[in-house]
Amino acid sequence: MVEKKEGILFVVSGPSGVGKGTVINEVLKVIPDINLSVSYTTRPPRKNETNGKEYFFVSEEEFDRMINDGEFLEWARVHGNFYGTPRSFIEEKLGENKDVILEIDTQGARQVKRIFPDGVFIFILPPSIEALLTRLRGRGTDCERDIEIRLRNARDELSEWEWYNYIVVNETVSFSKDLIASIILAERCRSSRLEMKGI
Ligand code: 5GP
């Protein structure tokens with residue numbers, strides 16, 4: 001009787017090391033009917049990463065070609081590497097009335113907000129700067145130079161929190177997962193996103 005008018009785009013940002021990836025993976029377990037967009041990047045894969053799972057890893061030449069062919073919904077240079085969201089995946093899923101979740105930086109999120117003003121923008125904050133530092137260093141996947149760059153950029157990214165619709169302080173993965181799942185479920189019930197059929 002009542003149906004969603006169109007798929008909802010959820011955008012999650014937060015500084016490097018805040019635990020976005022871990023939290024989103026947990027959200028996907030409890031909300032299986034949401035599609036995670038896999039970005040393209042020129043960053044080399046980390047030890048534990050697989051092409052097509054965390055990212056599609058491409059050369060700068062290939063990334064440039066994709067920019068020129070309009071294949072990105074948005075793209076940005078983040079921590080010295082390029083990252084982009086595939087336009088076709090997002091448009092296809094939303095067109096099929098399916099929800100999509102993106103994990104992108106604040107520059108990318110701003111671009112997406114212009115294209116999809118009705119998107120839901122969620123910012124994950126660390127409980128403290130110290131907690132962020134500890135996590136970045138403890139992760140053991142980035143070299144010291146990369147950690148320095150990520151820390152320097154963290155302050156700029158943190159200053160963007162205010163324009164996001166929802167703020168999640170990542171005290172524990174489990175509670176942050178509950179919060180984001182609640183946001184997704186509540187947005188799906190928003191009257192402005194629904195239409196009545198057959199009355
Ligand atoms: P990492 O290298 O740690 O996986 O990601 C670095 C940053 O790039 C994170 O803030 C992440 O959200 C962001 N990022 C990942 N994919 C995209 C994308 O497609 N577009 C943009 N603008 N940022 C992205």
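When a ligand or atom number is given, it counts from 1 through the structure's own listing order. For clarity, every value in this text was computed on a predicted model and none was experimentally measured.
- The side chain of V78, and not its backbone, has at least one atom closer than 4.0 Å to an atom of ligand 1 (non-hydrogen atoms only; side chain from C-beta on).
- Residue contacts with ligand 1 include K20, since one of its heavy atoms falls under 4.0 Å from the ligand.
- A 4.5 Å side-chain heavy-atom check between V120 and I8 finds at least one atom pair inside the cut-off.
- Summarising the contacts of atom 22 (N) of ligand 1 with D105, I104, L73, V18, the nearest heavy atom is found in D105.
- Considering both main-chain and side-chain atoms, Y55 comes within under 3.5 Å of ligand 1 through a nitrogen or oxygen pair.
- Between the side chains of Y83 and Q107, no donor-acceptor pair is found at a separation under 3.5 Å.
- Residues K197 and E195 are paired through a salt bridge, judged by an N-O separation under 4.0 Å between the basic side chain and the carboxylate.
- Relative to the ring axis of F72, R87 does not place its NZ or CZ within 45° and under 6.0 Å from the centre.
- In summary, the atoms of ligand 1 found under 4.0 Å from a heavy atom of A76, numbered by their order in the structure, are 22 (N).
- Among all heavy-atom pairs drawn from I104 and E74, the shortest one is CG2-OE2, 3.8 Å.
- Scanning the protein heavy atoms around atom 20 (N) of ligand 1, the nearest turns out to be E74 OE2, 2.7 Å.
- Close contacts of ligand 1 with R150, meaning ligand atoms under 4.0 Å from a residue heavy atom, involve 1 (P), 2 (O), 3 (O), 6 (C).
- Residue contact check: H79 has heavy atoms under 4.0 Å from atoms 6 (C) of ligand 1.
- Side-chain polar atoms of H79 and N153 form a donor-acceptor pair below 3.5 angstrom.
- When non-hydrogen atoms are compared, ligand 1 lies under 4.0 Å from neither the backbone nor the side chain of E54.
- Counting heavy-atom neighbours within 6.0 Å of E6 CD, excluding the residue itself, gives a total of 12 or less.
- By the 3.5 Å distance cut-off applied to N or O atoms, W75 is not counted among the residues near ligand 1.
- The protein heavy atom nearest to atom 6 (C) of ligand 1 is Y83 OH, 3.6 Å.
- Checking T41 against N81 by side-chain atom types alone, no donor-acceptor pair falls below 3.5 Å.
- Among P127, P126, S176, the one residue that satisfies the side-chain contact (heavy atoms from CB on, under 4.5 Å) test with V18 is P126.
- In terms of protein heavy-atom proximity, atom 12 (O) of ligand 1 is nearest to E103 OE2, 2.8 Å.
- Heavy-atom contacts from other residues, nucleotides or ligands closer than 6.0 Å to CZ of R65 number more than 12.
- Looking from atom 16 (N) of ligand 1 to the surrounding protein, the closest heavy atom is S39 OG, 3.2 Å.
- The residue Q107 has no part lying near ligand 1, judged by heavy-atom distances below 4.0 Å.
- Close approach of ligand 1 to G84 is summarised as follows: ligand atoms under 4.0 Å from at least one heavy atom of the residue are 18 (C), 19 (O).
- Among the atoms of Y40, none of the N or O lies under 3.5 angstrom from an N or O of ligand 1.
- At a 4.0 Å heavy-atom cut-off, ligand 1 does not touch E49 at all.
- Using a 4.0 Å cut-off to heavy atoms of G108, the atoms of ligand 1 that qualify are 22 (N).
- With a heavy-atom cut-off of 4.0 Å, R43 touches ligand 1 through its side chain alone.
- Taking 4.5 Å as the limit, every side-chain heavy atom of V112 sits out of range of all side-chain heavy atoms of I90.
- Screening I31, V30, N25 for a side-chain contact (heavy atoms from CB on, under 4.5 Å) involving L28 leaves a single residue, N25.
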